[in-house]
Amino acid sequence: QVQLVESGGGVVQPGGSLRLSCAASGFTFSTYSMHWVRQAPGKGLEWVAFIRYDESNKYYADSVKGRFTISRDNSKNTLYLQMNSLRAEDTAVYYCAKDPRSYSNSWRVDYWGQGTLVTVSS
Amino acid sequence: NFMLTQPHSVSESPGKTVTISCTRSSGSIASNYVQWYQQRPGSSPTTVIYEDDQRPSGVPDRFSGSIDSSSNSASLTISGLKTEDEADYYCQSYDSSNAVFGGGTQLTVL
């Protein structure tokens with residue numbers, strides 16, 4: 001069965017950096033596009049970033065553009081999110097999410113990880 | 001970028017029917033598919049409707065989705081409400097380079 005397990009969350013000071021990882025299993029990771037979606041405490045879902053299965057396209061929300069970088073290692077079945085210049089408003093649970101369409105993208109999610117909490121605070 | 005606007009909360013009694021709306025601010029609601037996700041407290045979201053009106057396997061047929069071009073909105077309808085349907089519901093759509101979520105609707109079944 002599909003499993004997405006995020007790690008790397010924690011407490012970081014404003015201006016600091018953090019790298020999140022998402023270990024994928026139960027499907028052919030290299031053929032599926034992936035997303036990061038976040039949820040601030042008590043708030044709604046916010047799409048953060050997208051990476052195509054072959055890394056040919058990467059897209060970002062305006063709120064993180066220039067500060068966050070999405071990447072993947074298909075040989076390790078792992079998705080990453082490098083977060084730099086972190087701000088208090090980046091505090092959220094970060095979900096790794098799988099797009100359901102192989103060798104393409106549908107801009108929707110069929111599987112979600114359990115999330116990892118990032119807290120930006122001094 | 002466009003926005004998706006949902007009511008903050010709705011409530012209804014068990015056994016009744018409730019409809020949650022999702023209005024697109026610009027561009028046609030019909031130009032890109034709409035999804036609906038359910039999120040119970042403390043859990044990750046799950047899909048209840050995808051591609052406007054499709055139900056994933058395992059989602060009861062009490063859940064249905066539709067779009068209305070005249071109001072530029074999508075709707076999620078839940079009939080025969082059960083207490084287990086109490087959750088937050090999010091609509092989601094996209095354009096060529098962004099996914100967009102609605103602000104979410106808290107459904108209370110009382």
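Only this structure's heavy atoms are used, side chains among them; waters, hydrogens and symmetry mates stay out. Every chain is numbered from 1 and lettered A, B, ... according to where its sequence line falls, protein lines coming before strand lines.
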Taking side chain as everything from C-beta outward and backbone as N, CA, C, O, which of these in A:Phe50 sits under 4.5 Å from a heavy atom of chain B? Side chain, backbone, both or neither.
neither

Assigning hydrophobic clusters by single linkage (Ile, Leu, Val, Met, Phe, Trp, Tyr; side-chain heavy-atom cutoff under 4.5 Å), is A:Val2 placed with A:Trp36?
yes

What part of A:Val93 is in contact with chain B, defined as an atom under 4.5 angstrom from a non-hydrogen atom: side chain, backbone, both or neither?
neither

Determine, using the 4.5 Å side-chain heavy-atom cutoff (strictly less than), whether B:Tyr50 and B:Val48 are members of one ILVMFWY cluster.
no

Do any N or O atoms from the side chain of B:Tyr37 and from the backbone of A:Val109 form a donor-acceptor pair under 3.5 angstrom?
yes

Reference residue B:Asn98; test side-chain contact (heavy atoms from CB on, under 4.5 Å); the match among A:Tyr60, A:Trp47, A:Trp107, A:Tyr59
A:Trp47

Can you tell me if OH on A:Tyr111 sees more than 12 non-hydrogen neighbours from other groups inside 6.0 Å?
no

Report the option among B:Gly102, B:Ser43, B:Ala99, B:Gly104 that has the most heavy-atom pairs separated by less than 4.5 Å from atoms of chain A.
B:Ala99

So what's closer than 4.5 Å to chain A heavy atoms on B:Thr105: side chain, backbone, both or neither?
neither

Can you say whether B:Asp95 sits under 4.5 Å from chain A via the side chain, the backbone, both, or neither, judging by heavy atoms?
backbone

When hydrophobic residues are tied together by side-chain contacts of less than 4.5 Å, even through go-betweens, does B:Tyr90 share a cluster with B:Val59?
no

Heavy-atom count around B:Lys16 NZ within 6.0 Å, excluding the residue itself: above 12?
no

Looking only at heavy atoms and a cut-off of under 4.5 Å, which of A:Gln39, A:Lys43, A:Glu46, A:His35 has the most pairs with chain B?
A:Gln39

OH on A:Tyr95 to CD on B:Gln39, rounded to 0.5 Å
4.5 Å

Is there a path of hydrophobic side-chain contacts, each under 4.5 Å between heavy atoms of I, L, V, M, F, W or Y residues, that connects A:Leu81 with A:Val37?
no

Return yes if some donor-acceptor pair links the side-chain N/O of B:Ser44 with the main-chain N/O of A:Gly113 below 3.5 Å, else return no.
yes

Check for me, please, whether A:Leu79 and A:Leu45 land in the same ILVMFWY cluster - side-chain distances under 4.5 Å, paths through other members count.
no

Heavy-atom distance under 4.5 Å to chain A: side chain of B:Thr47, backbone, both or neither?
side chain

